[in-house]
Protein chains: 2
Amino acid sequence: MKRSVRPLTLRDVSEASGVSEMTVSRVLRNRGDVSDATREKVLAASKRLGYVPNKIAGALASQRVNLVAVIIPSMKNMVFPEVLSGVTSVLEDSGLQPVVGITDYLPEKEEKVLYEMLSWRPSGVIIAGLEHSDNARAILAASGIPVVEIMDVDGEPVDTAVGISHRAAGRKMGEAIVAAGHKRIAFLGTKMPLDHRARKRFEGFTQALAKAGIEMADQEFYSGGSALAKGREMTKAVLERTPDLDFIYYSNDMIGAGGLLYCLEAGLNVPGQIGLAGFNGVELLQGLPKMLATMDACRAEIGRKAAEIILARSADEAVKFDEKIELTPRIAPGDTMR
Amino acid sequence: MKRSVRPLTLRDVSEASGVSEMTVSRVLRNRGDVSDATREKVLAASKRLGYVPNKIAGALASQRVNLVAVIIPSMKNMVFPEVLSGVTSVLEDSGLQPVVGITDYLPEKEEKVLYEMLSWRPSGVIIAGLEHSDNARAILAASGIPVVEIMDVDGEPVDTAVGISHRAAGRKMGEAIVAAGHKRIAFLGTKMPLDHRARKRFEGFTQALAKAGIEMADQEFYSGGSALAKGREMTKAVLERTPDLDFIYYSNDMIGAGGLLYCLEAGLNVPGQIGLAGFNGVELLQGLPKMLATMDACRAEIGRKAAEIILARSADEAVKFDEKIELTPRIAPGDTMR
DNA sequence: TTGAAAGCGCTAACAC
DNA sequence: GTGTTAGCGCTTTCAA
């Protein structure tokens, strides 16, 4: 039942309704004054034919594109879908549409995706992180498009940044753990050359321990695979290697959850014998046997804020925002921290 | 440091390099024969200026858009990001770019998103499910664009469908549970008016039990909230209400995982006293205390296959595919089914 | 191998 | 309230 090869144009609707193309265009966009009679005719003809406007032509003519590029490292980490949720909730019914690009944490891919998206001339760019290749920073800066870098504020934004300080987050958690009297502390996380935010948390954490005169008792890093399973394995390995640990700080909640499950099954008293903490505040934690200590990364809030900035900027080029908008995450001690 | 308001055009590169716009265009697209000398000049000028081609103009002129619309219900359910992964892996370096739209399981929103995406004249549409509003089906059919409906084959596709039969999946699991000698069987799942695939599994499951002369011993449905926590709560509730249950079939792995954690904590012997099974085969299961019985929904495979069809079709309009491509999921009994 | 002209389908700007 | 004209920035086509 494949019909017409040629998609319908404004002209088809114009002819079918006996109204000029320009007026048809006005009706379909709700612009300018059009008499009710004409409007009816146009709408009827348009619907009857099954006309779908060509936004490509529209965008070229009006020099306006209702797209917002959202560039994130991954979809597999629940954190990013949640940021995206925040973005979407604000953009919904604003006339702007988010379009997502994935970088897999690879700078080359980021550059490619960015170039690809900018070539569609979006109304704004929301991009994760502050670390980009020189080239990426250059084309962003030269694009003349509002850019919001999200999730992180430890660095120099191209334009505007919305996020938390991961260094401070790591430090804060370190201080809390030390304050609770722990001495034999380990860190488990992802391999970090690519994940700058995890790295910054690690740095802040180490720093806080150092300040208290405590040296990291053990550490281990992974990449790939089921995070829950990895958390389990790594926890086992590290506890066998360093049995006197009294706290493990995980770079994300999923491996933390795996660690928690392992400790409980191994009959360890959590947090009596060993305390645990993760990072992100993912929803999943609510279903675990114990609520893992964590720190909310303000994901939805970041997404919302970023979208609001783009929205305001695309409505009025002159609006000014602070260069950095820093949100402050709190520790949620749950049941795994004393 | 905001520079030029006007983005660069081919003309700027043409002037900067002393080569005609047409030839610049050829160089930038690697089309046609261009002398090495000219190519060098153009590339140098383009890079120096930081030119980013305008795909909107290009698409309008060439009547070709390298975008593939991927329309899915949600990002919060890991299933869809995984399908998306499959799509991306095939499209990568093919010149086609996936663009994602989210429907939140709402038909009206699906229609809106679809209309929005079709107005960009993508090279193909990949859309979840076979149930769409009449209007949505009509504009899809009239678009003249290759359409692949994914995840499900129980129904009539607009164009091509790739997926599994959820009715058969539910039936198969029901038969396996009955064959293992279970008699007091419950179903826990999402509220289903919107989730057609969950509904079909439920129907197939009920059918299989009925055929064996077994009536569902209990059932409960939820919506919203942390799936893991919900699975836990619902399992508790249903076991208190119907203590003699010997099997619970969950409509997805996350609530199944919650149920499993609850049962283990309650000291129940799994699967001795009570068997459990979920659906999807999510990676997370690997980190649980016991491997939950499940059924792989072939997510990545579906995504890959769908992308291949779009790719083939966009390269050669005449290629024909079967109307339905059905994949066959297998039961993975794990440690929670006897 | 390169260039010139025409036009993709729509909308801004201006007439009527 | 409605129509006309002139492009938007690129690629197709054809000529050189």
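Values below: all heavy atoms of this structure, side chains included; hydrogens, waters and symmetry mates excluded. Order of the sequence lines fixes the chain letters, A, B, ..., with proteins taken first and strands second; residue numbering starts at 1 for each chain.
Listed by chain and residue number, B/Glu131, B/Arg199 satisfy the side chain to side chain contact (heavy atoms under 4.5 Å, CB included) test with B/His196 (two or more places apart in sequence, or in another chain). Contacts of A/Ser123 classified as side chain to side chain donor-acceptor pair (under 3.5 Å), with partners at least two apart in sequence or in another chain: none. Residues satisfying the side chain to side chain contact (heavy atoms under 4.5 Å, CB included) test with B/Ile56, not counting sequence neighbours, are A/Ile56, A/Ala59, A/Leu60, A/Val65, A/Trp120, A/Arg121, B/Asn54. For B/Ser94, there are no side chain to side chain donor-acceptor pair (under 3.5 Å) partners two or more places apart in sequence or in a different chain. B/Asp154 pairs by the side chain to side chain donor-acceptor pair (under 3.5 Å) definition with B/Ser165, not counting sequence neighbours. B/Ser119 meets the side chain to side chain donor-acceptor pair (under 3.5 Å) test with no other residue; sequence neighbours excluded. Considering only residues two or more places apart in sequence or on other chains, B/Glu92 meets the side chain to side chain contact (heavy atoms under 4.5 Å, CB included) condition with A/Lys109. Applying the side chain to side chain contact (heavy atoms under 4.5 Å, CB included) test to A/Ser62 and every residue at least two apart in sequence or in another chain returns A/Arg64.
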Close N or O pairs between protein and nucleotides 8-10 of chain C (under 3.5 Å):
{"unit_1": "C/dC8", "atom_1": "O3'", "unit_2": "B/Gln63", "atom_2": "NE2", "d": "3.2"}
{"unit_1": "C/dC8", "atom_1": "O2", "unit_2": "B/Leu60", "atom_2": "O", "d": "3.4"}
{"unit_1": "C/dC8", "atom_1": "O2", "unit_2": "B/Ala61", "atom_2": "N", "d": "3.2"}
{"unit_1": "C/dG9", "atom_1": "OP1", "unit_2": "B/Gln63", "atom_2": "NE2", "d": "3.3"}
{"unit_1": "C/dG9", "atom_1": "N2", "unit_2": "A/Ala57", "atom_2": "O", "d": "3.2"}
{"unit_1": "C/dC10", "atom_1": "OP1", "unit_2": "A/Tyr51", "atom_2": "OH", "d": "2.3"}
{"unit_1": "C/dC10", "atom_1": "OP1", "unit_2": "A/Asn54", "atom_2": "N", "d": "3.3"}
{"unit_1": "C/dC10", "atom_1": "OP2", "unit_2": "A/Leu10", "atom_2": "N", "d": "2.5"}

Close N or O pairs between protein and nucleotides 13-16 of chain C (under 3.5 Å):
none

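For the helix from C/dT1-D/dA16 to C/dC16-D/dG1, the end axes, each set by the C1' atoms of five terminal pairs, are bent relative to each other by 30° (nearest 10°).
A 4.0 Å heavy-atom criterion places the boundary nucleotides of DNA chain D facing chain A at D/dG1 to D/dG9, written 5' to 3'.
Comment: A/Glu308 does not engage A/Arg304 in a salt bridge, judged by the lack of any side-chain N to carboxylate O separation of less than 4.0 angstrom. For B/Lys41 and B/Asp36, the salt-bridge test fails: no basic side-chain N is under 4.0 Å from an acidic carboxylate O. Residues B/Glu116 and A/Lys55 are paired through a salt bridge, judged by an N-O separation under 4.0 Å between the basic side chain and the carboxylate. With respect to the salt-bridge test (charged N to carboxylate O, under 4.0 angstrom), the residues A/Asp93 and B/Lys112 qualify. In summary, A/Asp33 and A/Arg39 do not engage in a salt bridge, as defined by a charged side-chain N under 4.0 Å from a carboxylate O.
Atoms CZ (B/Arg39) and C1' (C/dT2) sit 13 Å apart, rounded to a whole Å.
Taking only side-chain nitrogens and oxygens, B/Thr23 comes nearer than 4.0 Å to OP1 or OP2 of C/dG3.
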